[in-house]
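Worksheet for the structure shown next.
The structure displayed is predicted, hence computed values, not measured ones.
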Protein chains: 2
Amino acid sequence: MAKIDDVARLAGVSKGTVSNVFSQKRPTSEKVTDKVLEASRELNYVPNHIARSLVTKKTMAIGLTIPHGNFFFNTFHNQFINGVILEASHYGYRVLLDMVPVEKVKTPSLASYPIDGAIVLGPTEEDERINLLHLNQIPFVTIGKIFNANVKDASTVNNDNFQIIRDICSYLIDKGHRSMMFLNANELMTVAIERREAFIEVLTNHQIDLQEHMIHYKPALTSSKYMNYGYDETVHVLSELKERVTAIIADDDRTAFSVMNAIKDLGLSVPEDLSLFVICGDLSMMHKATPSLTGMDLQSSELGVHSVRLLMHKLGILDGDFPEHMIISSKIIEGDSCSSL
Amino acid sequence: MAKIDDVARLAGVSKGTVSNVFSQKRPTSEKVTDKVLEASRELNYVPNHIARSLVTKKTMAIGLTIPHGNFFFNTFHNQFINGVILEASHYGYRVLLDMVPVEKVKTPSLASYPIDGAIVLGPTEEDERINLLHLNQIPFVTIGKIFNANVKDASTVNNDNFQIIRDICSYLIDKGHRSMMFLNANELMTVAIERREAFIEVLTNHQIDLQEHMIHYKPALTSSKYMNYGYDETVHVLSELKERVTAIIADDDRTAFSVMNAIKDLGLSVPEDLSLFVICGDLSMMHKATPSLTGMDLQSSELGVHSVRLLMHKLGILDGDFPEHMIISSKIIEGDSCSSL
DNA sequence: CTGAAAGCGCTTACAG
DNA sequence: CTGAAAGCGCTTACAG
């Protein structure tokens, strides 16, 4: 690969001038620009990104940090990533998928991250990834609340998980449901913690006793129970425990499909015998399911877009007023999976 | 951030020795190692990845190159990426999502890619991304066949698209279907080209006349028709053209859901009135749909894993015998969406 | 508008 | 096993 010296020599100018032509940081006369570009073309020259990064101290990449060993892209992440990639590309940024192995988190990783900032997906209660980013002084934005004791200035982009649970429960309670079963996210995630609190609050406000069968947590990806989340709980609670349940709130679309399968196997049907509400899923798929699924529009793509913007702001690339904590609104999209009692 | 000189000074050794302790490229005495590690801890030192890359000429990142402007992560890519990330991390590699804007492809990008190799998703017939990678001498693997005239030594990982279409058609023809409608991928993609050829071949072998309504292509993402692909074609062909169709082959699960919606709106049902076959989708979701969808298991996660392995082989990191073109097997997973005529 | 020179923070022969 | 020095390929004050 040709380097800047080769181009400078061929064009009869200095390295600094070649640099200017490509970086556009200082004006260059048209004549010189042409000479440089022609020489570059001839030599098939492209500036070395790494060498540039070393001196500018910018990698022009942001990390999308996903937890190792307990993570799986689902339809929510799908939309989210589409938003992230699109918005990042507006600022000339690329996206580095960063799956930090748990062991490496313990013994700080072998080399600094080649990223200018990071977006942390699915934070857990005391998330080591966040401590590591904090330690390495890498600006970051978390998708969801964090509780790390020593991290004060974290920026977050989140849905209003409390309001979401209140909205869902109100919607169901208005339809006469009081026997609800909540299939929450994995219990380590802060989103699950927020939702649980909200769920309990709603139950209390409506004088509904919280019973053990009413709330469940998604098993770890490594667990053999992972793939049957939704099915197993539905069968267990309805058929074995014989508890009365009239409405099920499912964490995501996959879980909802799993629940529907269980309901069918029990000889029951949605929404006649049970109402089903999906918190996060692919709306166009949910809309086309039979029956179409009622769920929340979390605007996951917008979450991605705004997390990039907030990060760009922290990197000093985007001006304007940005709150430390940004909330993306959400609303109920009605399908045919919930009925009045 | 502390740098290598700081650590060397504090530990009372040379920079080269500090370097060795972290890179492990030469043995270091235990005593010196301890001194260096302690100094590093004290200074919170981590080697600078960029500076290292500049001299080693390795970025320890592979690019996942996705076409800009006409791309959307779907459930297939989901699984695929999960495979890629997992396998790449085995070799200490990170994954850079690279969405090359179309304009940038024209005027070769501003700086070289900070990647050691690339995996090209969804190649089109004369794919500019591939010419660019070739020009920049970056090793790459394509997911799907490519036809670039000047690129000879390309490695590909692919499903056997010809066999897949033959298998699907045989399956349907055995059930008595001769009036099939094929909702193919976007016509620019090589996968769509291979499938079309195979489809026509099968029809010819069974003395079925190819008619215009029998094959459709997914609209570009930028098209307003994109979101209704499947629905629109089904309604148009069945209701407006009033063509006889007994089986529909859908490119992916989203398209299949869309088709089911149309069928329902036409007052028909699956599989009684129409059989439905999905080429690529999330099997666990398809299994849980009502009716459960019959489809192909393309092993998309394996596609991801093997594309990384093949790339690692090209990078000289993985030994062994690797074919230039690797085929991942696929098989039919039966659900309840196809019936005999 | 352009050039000469220092420097970004590492690794790597070379020498001992 | 360790050190001194050159060099990776750029950018950036500084000077003109």
Side-chain angles (χ1 to χ4, degrees), chain A residues 1-37 39-40 43-61 92 109-116 136-138, chain B residues 1-37 39-40 43-61 92 109-116 136-138:
Chain A
M1 294 265 76
K3 37 194 170 179
I4 201 168
D5 303 78
D6 304 324
V7 177
R9 205 174 308 120
L10 183 61
V13 298
S14 73
K15 302 195 313 185
T17 300
V18 176
S19 176
N20 292 332
V21 168
F22 283 92
S23 70
Q24 311 256 42
K25 294 204 177 165
R26 310 194 295 193
T28 316
S29 71
E30 199 178 331
K31 194 171 139 201
V32 170
T33 302
D34 288 348
K35 275 199 300 186
V36 169
L37 288 179
S40 303
L43 296 171
N44 199 14
Y45 171 75
V46 167
N48 181 307
H49 190 272
I50 302 293
R52 179 182 279 175
S53 287
L54 183 58
V55 29
T56 61
K57 309 225 175 290
K58 293 177 131 207
T59 63
M60 298 309 282
S109 67
L110 293 174
S112 65
Y113 296 114
I115 53 176
D116 296 339
N136 289 346
Q137 300 177 41
I138 295 174
Chain B
M1 293 265 77
K3 39 192 168 180
I4 201 168
D5 302 78
D6 303 325
V7 177
R9 204 174 308 120
L10 183 61
V13 299
S14 74
K15 302 195 315 186
T17 299
V18 176
S19 177
N20 293 331
V21 169
F22 283 93
S23 69
Q24 311 255 44
K25 293 203 179 166
R26 310 194 293 194
T28 315
S29 71
E30 197 178 333
K31 193 171 142 203
V32 170
T33 302
D34 288 349
K35 274 200 299 186
V36 168
L37 288 179
S40 303
L43 296 172
N44 199 14
Y45 170 74
V46 167
N48 181 308
H49 190 273
I50 301 292
R52 178 182 280 175
S53 287
L54 183 59
V55 28
T56 60
K57 311 230 175 283
K58 294 177 130 210
T59 63
M60 299 309 282
S109 66
L110 294 175
S112 65
Y113 296 114
I115 53 176
D116 297 339
N136 288 348
Q137 299 177 41
I138 295 173

For A/Lys3, is there an ion pair with A/Asp6 - N to carboxylate O distance below 4.0 angstrom? no
Within a strict 4.5 Å, meaning less than it, do heavy atoms of the B/His49 and B/Met60 side chains meet? yes
Both B/Lys25 and A/Val55 contact DNA chain C. Which one's nearest nucleotide lies toward the 5' end? A/Val55
Quantified in whole Å, what is the C1' atom distance between nucleotide C/dT12 and nucleotide C/dG16? 16 Å
Looking for any heavy atom pair under 4.0 Å, which part of the strands does A/Lys15 touch: base, sugar-phosphate only, or nothing? base
What's the spacing between B/Lys35 NZ and B/Thr28 OG1 if we round to 0.5 Å? 12.0 Å
Measure from the side-chain N and O atoms of A/Thr56 to the backbone N and O of A/Arg52, and report whether any donor-acceptor pair falls under 3.5 Å. yes
Would you say A/Asp5 and A/Arg9 make side-chain contact, with heavy atoms under 4.5 Å? yes
Rounded to the nearest 0.5 Å, what separates atom CD in A/Glu30 from atom CG in A/Leu37? 10.5 Å
Report which part of the nucleic acid B/Val13 touches: base, sugar-phosphate, or nothing (heavy-atom distance under 4.0 Å, all strands). sugar-phosphate
Side chains of A/Phe22 and A/Val46, heavy atoms from C-beta outward: is any pair under 4.5 Å? no
For A/Arg26, check salt bridge (Lys or Arg N to Asp or Glu O under 4.0 Å) against everything at least two apart and list the hits. none
Taking a pair as Watson-Crick (N1 to N3 plus N6-O4 or O6-N4) or G-U wobble (N1-O2 and O6-N3), both under 3.5 Å, which stems of 3 or more consecutive pairs involve DNA chain C? C:1-3 with D:14-16, C:5-12 with D:5-12, C:14-16 with D:1-3
Mind checking which nucleotides bracket the chain B contacts on DNA chain C, 5' to 3', with an atom under 4.0 Å from a heavy atom? C/dG9 to C/dC14
Judged by each residue's nearest nucleotide on DNA chain D, which is more toward the 5′ side, B/Lys31 or B/Ala51? B/Lys31
